[in-house]
Asker: 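Below you'll find the structure I mean.
Each ligand, and each atom within it, is numbered from 1 in the order the structure gives. Side-chain atoms are counted along with the backbone in the values below, which use heavy atoms only and exclude waters and symmetry mates. Because the structure is a prediction, the values reported are computed rather than measured.
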Amino acid sequence: MSNRKLVMITGASSGIGFELAKLFAKDNYDVAMSGSSDRIFDSAKEIENMGVEAYPFKADAGTYEGVQDFWEFLENKERILDTAVLNVGISLGDSFLNNNLDDELKLIDINIKGTVHMAKRIARHMDKNGSGDILIVSSLSATLPTPYETVYGPSKAFGFMFAEGLRQELKDRNINVTAMLPGATNTDFHHNAGMDTSYFGDDNIKNDKELVAKQGYEALKNKVDHVVCGDENTKQEAVKNKQTTEELKAERHAEKAKLNQR
Ligand SMILES: NC(=O)c1ccc[n+]([C@@H]2O[C@H](COP(=O)([O-])OP(=O)(O)OC[C@H]3O[C@@H](n4cnc5c(N)ncnc54)[C@H](OP(=O)(O)O)[C@@H]3O)[C@@H](O)[C@H]2O)c1
């Protein structure tokens, strides 16, 4: 059996999750990784090519069974989980009036219900083993209203405060929890959210996913409570958001997230 440490990462077939997987592999971790499509198997091969073991699992993180099955797959490895990254998340562009309720409820199932479900399994496992690190991927969107992705921002605000609360509860149990708040980042995320024609459809205005992942990785290793990830402008935006009214932040986000601008 491998004597390397084990990390699990949800939503790791591409984007920020995959960049984090590469950083852990580079640091000699074995990586258990999930995604909802067959891409996860190709991404796992890339991780294995870095000289560690990868355990890919295909499941829908928006269903109870999908989350539970990934957890049982991990448990069956009979290994101690050193680190868990709760990364999987989606957004949904367009207006609340236009969007299908089912799509919005699916977003809540993935971003909120799935996160709580997996965190429960992980926290108990780590407590039994006496230590662990948990990274929860929230967003800069946690710090403002997000019109035209109206359900997304609040789901990420949940993730941020969930992480901070859990951190306080688990710190005396030798388990660290860190929240990661990336600004807009150059992954498939906005395309998948149907936002190609919004300001966010332009990759040139976004942060580099490698930089974002590196900052999250370092924050976890330094056991800080949360980190805003991205360039200096992104970090400044987070500071300004603390002093800006919700109404003004909502107006500004609406301009950026509205469709048919490009
Ligand atoms: N990109 C940004 O601008 C940005 C900014 C702030 C925060 N974030 C947060 O960062 C996290 C990662 O986003 P990203 O930008 O890397 O997005 P991404 O490029 O769209 O990647 C999402 C990952 O999640 C997987 N996934 C999607 N739906 C799934 C489901 N139902 N079940 C299981 N896996 C699923 C995808 O794999 P499959 O396609 O194979 O399912 C993929 O590996 C999210 O929580 C997001 O909210 C992103």
Asker: Between Arg79 and Asp30, does any side-chain N to carboxylate O distance fall below 4.0 Å?
Answerer: yes

Asker: Taking atom CD of Glu78 as the centre, report whether more than 12 heavy atoms of other residues, nucleotides or ligands fall under 6.0 Å from it.
Answerer: no

Asker: Using the salt bridge (charged side-chain N to carboxylate O under 4.0 Å, His left out) criterion, which residues pair with Glu19? Sequence neighbours excluded.
Answerer: Lys22

Asker: Give the residues near ligand 1 by chain and number, with the criterion being a heavy-atom distance under 4.0 Å.
Answerer: Gly11, Ala12, Ser13, Ser14, Gly15, Ile16, Gly35, Ser36, Ser37, Arg39, Ala59, Asp60, Ala61, Asn87, Val88, Gly89, Ile90, Ile110, Val137, Ser138, Ser139, Tyr152, Lys156, Pro182, Gly183, Ala184, Thr185, Thr187, Asp188, Phe189, His190, Asn192

Asker: List for me each residue that meets ring pair (Phe, Tyr, Trp, His ring centres under 6.0 Å) alongside Phe200, sequence neighbours excluded, and say none if there are none.
Answerer: His190, His253

Asker: Do the side chain of Gln261 and the main chain of Glu255 share a donor and acceptor less than 3.5 angstrom apart?
Answerer: yes

Asker: Only pairs at least two apart or in different chains count here, so list each salt bridge (charged side-chain N to carboxylate O under 4.0 Å, His left out) that has a residue in residues 166-192.
Answerer: Arg39-Asp188, Asp127-Arg173

